[in-house]
Amino acid sequence: MTDKPTKSTDGTVQLSAAAPKVQITPAAGAKAPAPRIVGANVDMPAGESIKKSAFIDRVIARGDLKKRDAKPAIEAALAELADLLAAGEELVLPPMGKLKAVKVKDLGEGAQMMTLKLRTMKDGAGLGAGNAGGAQNAKSGVADAGDDS
């Protein structure tokens, strides 16, 4: 590009846009950030559909709970989760991760279709009952029995 205007044959002056000359110099001692390697998207295998009663039975089997005590608490927690997601709030539920609704479609008659995004925890969190106690204690900062240091 030129900074000088040009004249056409009919005597009018045509101006050209001047582009700024920018020179980028990195700060002294600055390094480019290392690239972060991210795994490719993988389709999840289709699992079975779990109904609420089977879910409640699984929760009861994990702990030493009685069904009459656990069922109202689980149902209240599920209702609260549904209300929070419908309100557009983000849930942070360790060890599961962050859960939020990214899209909502009204289906009529009070029904909605929600697209949810779940970002799981890193470093082995959320492995459930199979997680080693030592790794879990190291992550949470709780000492094992006998550790006085």
Quiz prompt | Between CG on residue Leu93 and CG on residue Leu99, distance to nearest 0.5 Å | solution = 6.5 Å
Quiz prompt | Approximate separation, where rounding is to 0.5 Å, of Leu78 CG and Ile56 CD1 | solution = 7.0 Å
Using distance only, find each side-chain donor-acceptor pair of residues 103-115 under 3.5 Å and give its atom names and separation, not counting sequence neighbours.
| residue | atom | partner | partner atom | Å |
| --- | --- | --- | --- | --- |
| Asp106 | OD1 | Gly108 | N | 3.3 |

Quiz item: Is Val92 linked to Leu118 within one hydrophobic cluster, defined over Ile, Leu, Val, Met, Phe, Trp and Tyr using a side-chain heavy-atom separation of less than 4.5 Å?
Solution: no
Quiz item: Which residue pairs satisfy the side chain to side chain donor-acceptor pair (under 3.5 Å) criterion with at least one member in residues 89-102, sequence neighbours excluded?
Solution: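 Listed by first then second residue: nothing to list.
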Exercise. Begin from the C-alpha positions of Leu91 and Leu81 and carry the test side-chain contact (heavy atoms from CB on, under 4.5 Å) through to its verdict.
Key: CA-CA 8 Å; Leu91 296 162; Leu81 288 172; 3.4 Å; yes
Enumerate donor-acceptor pairs with a distance under 3.5 Å from any side-chain N or O in residues 66-77 to protein atoms, sequence neighbours excluded.
| residue | atom | partner | partner atom | Å |
| --- | --- | --- | --- | --- |
| Lys67 | NZ | Asp57 | OD1 | 3.3 |
| Glu75 | OE2 | Lys52 | NZ | 3.3 |

Quiz item: Is there a side-chain contact between Leu116 and Val102, using heavy atoms and a 4.5 Å cut-off?
Solution: no
